Amino acid sequence: MASAGDPHAGPRDAADQNFDYMFKLLLIGNSSVGKTSFLFRYADDSFTPAFVSTVGIDFKDTAGQERYRTITTAYYRGAMGFLLMYDVANQESFAAVQDWATQIKTYSWDNAQVILVGNKCDLEDERVVPAEDGRRLADDLGFEFFEASAKENINVKQVFERLVDVICEKMNESLEPSSSPGSNGKGPALGDTPPPQPSSCSC
């Protein structure tokens, strides 16, 4: 995530940039919970209220549609972090969180980090999922929790930064001499990552 150069210099191919680390992160959840808007808000600081349903763009955004779920399980492998998103104004999307969490635990590696995100918290008048319910579910699943709004730019940057922080923390833990990093065979162990230089991880 940390790159050399001006982040506002315009889009460039990742191969043209020098990174300390490159993490594979997935943004998952039901269709229409705001994943694309969330991503565009983070990447471009822009918001468009209406998006055509997305499938397979560069960030592997599959619009959360059931018919694509078996295809996308291949993308889970090697992912170091997940943003699992639901819409606070959509009970069905919240009810599906458990299924998405099962997908993560089934198809990703054991040390993948997950943040549960209740998106569209600006829709307070339409809210059907209390923040306490989201927090409780996140605790039950062992995930961190944020409520956010891509429209109002609430907690968007913070969610991504926290996910990277947690990944860096886990990397540092796994690289300590007393720990023995391992893998369940579904993806790389954190110990497979080259050790960082003394202050290279500014997470």
Side-chain angles (χ1 to χ4, degrees), residues 23-42 51 53-57 59-167 169-170 184 186-187:
F23 300 141
K24 178 179 176 180
L25 308 178
L26 296 185
L27 182 54
I28 63 174
N30 276 18
S31 182
S32 301
V33 298
K35 298 182 299 296
T36 301
S37 295
F38 199 83
L39 188 58
F40 273 79
R41 173 62 79 182
Y42 178 72
F51 274 105
S53 187
T54 50
V55 178
I57 66 169
F59 287 87
K60 306 299 187 289
D61 181 346
T62 59
Q65 296 173 27
E66 182 65 36
R67 65 183 177 271
Y68 299 110
R69 198 170 287 188
T70 55
I71 297 170
T72 60
T73 55
Y75 294 135
Y76 286 53
R77 288 190 289 276
M80 297 183 77
F82 292 84
L83 297 181
L84 173 47
M85 185 171 289
Y86 68 92
D87 174 351
V88 302
N90 182 321
Q91 183 65 44
E92 183 182 346
S93 72
F94 182 69
V97 164
Q98 184 67 60
D99 289 340
W100 286 107
T102 299
Q103 292 272 319
I104 292 170
K105 290 177 182 178
T106 301
Y107 296 106
S108 72
W109 57 302
D110 288 339
N111 282 325
Q113 302 302 305
V114 184
I115 294 181
L116 180 62
V117 181
N119 195 29
K120 305 187 186 180
C121 69
D122 56 286
L123 300 178
E124 199 56 49
D125 292 343
E126 300 171 43
R127 177 189 287 273
V128 294
V129 182
E132 302 76 34
D133 290 359
R135 191 169 290 107
R136 187 179 309 114
L137 180 57
D139 288 344
D140 290 347
L141 294 170
F143 301 160
E144 292 201 22
F145 175 74
F146 283 82
E147 282 203 337
S149 167
K151 181 178 182 180
E152 299 296 331
N153 200 12
I154 298 169
N155 278 339
V156 176
K157 182 179 178 184
Q158 291 87 336
V159 166
F160 278 100
E161 288 181 351
R162 181 58 189 153
L163 182 56
V164 172
D165 283 347
V166 174
I167 292 169
E169 289 166 13
K170 291 295 178 184
N184 62 7
K186 293 184 277 189

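As the structure is a computational prediction, the values presented were derived from the model and not from experiment. Reckoned from all heavy atoms, side chains included, excluding hydrogens, waters and symmetry mates.
In this structure, Leu116 and Gly134 approach most closely via the heavy-atom pair CD2-O, 3.6 Å. Contact detail for Ala148 and Val117: the closest heavy-atom pair is CB-CG1, 3.9 Å. For Leu123 against Ala89, the heavy-atom pair with the smallest separation is CD1-CB, 4.2 Å. Contact detail for Ser149 and Val156: the closest heavy-atom pair is O-CG2, 3.7 Å. Across all non-hydrogen atoms, the minimal contact from Asp87 to Ser32 is OD2-O, 4.1 Å. Contact record, Leu27 with Lys35: CD2-O, 3.3 Å, taken as the closest heavy-atom pair.
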Using side-chain hydrogen bond (donor to acceptor under 3.5 Å, both in side chains), reason through Ser93 and Asn30 one step at a time and then give a plain yes or no. CA-CA 6 Å; Ser93 72; Asn30 276 18; 5.7 Å; no
Test log, rule side-chain contact (heavy atoms from CB on, under 4.5 Å), inputs Phe23 and Leu163: CA-CA 10 Å; Phe23 300 141; Leu163 182 56; over 6 Å; no
Could you walk me through whether Ile28 and Met85 pass the side-chain contact (heavy atoms from CB on, under 4.5 Å) check? CA-CA 6 Å; Ile28 63 174; Met85 185 171 289; over 6 Å; no
Derivation and outcome, side-chain contact (heavy atoms from CB on, under 4.5 Å), residues Tyr76 and Phe82: CA-CA 9 Å; Tyr76 286 53; Phe82 292 84; 3.9 Å; yes
Begin with the C-alpha distance, continue with both residues' side-chain angles, and end with the deciding distance and a verdict on side-chain contact (heavy atoms from CB on, under 4.5 Å) for Leu39 and Thr36. CA-CA 5 Å; Leu39 188 58; Thr36 301; 5.7 Å; no
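In this structure, Glu169 pairs ionically with Arg162, as a charged nitrogen and a carboxylate oxygen lie closer than 4.0 Å. A salt bridge does not link Asp139 to Arg136: none of the charged nitrogens lies less than 4.0 Å from a carboxylate oxygen. Ion pairing of Glu124 with Arg127 is present here, as a side-chain N (NZ or NE/NH1/NH2) and a carboxylate O approach within less than 4.0 Å.
Considering only heavy atoms from C-beta on, Lys24 comes within 4.5 Å of Leu26 through its side chain.
Counting heavy atoms of neighbouring residues, nucleotides and ligands inside a 6.0 Å radius, atom CD of Glu92 does not exceed 12 of them.
The aromatic rings of Phe160 and Tyr42 lie parallel to each other, with less than 30° between the two planes, well short of the 60° mark.
Once rounded to the nearest 0.5 Å, the distance linking CD1 of Ile167 with CG of Leu25 reads 5.0 Å. The distance from the CH2 atom of Trp100 to the CG atom of Leu84 is 8.5 Å, given to the nearest 0.5 Å. For the atom pair Asn90 CG and Lys120 NZ, the distance stands at 7.5 Å (nearest 0.5 Å). Note that the CZ atom of Arg41 and the CG atom of Asn155 stand 13.0 Å from one another [nearest 0.5 Å]. Here the CZ-CG distance, from Phe38 to Leu83, works out to 6.0 Å after rounding to the nearest 0.5 Å. To the nearest 0.5 Å, atom CD of residue Glu144 and atom CG of residue Asp165 are 9.0 Å apart.
For the ring pair (Phe, Tyr, Trp, His ring centres under 6.0 Å) with Tyr86, the lone residue among Phe94, Phe146, Phe143 that qualifies is Phe94.
Between the side chain of Asn119 and the backbone N or O of Val33, at least one donor-acceptor pair lies under 3.5 Å.
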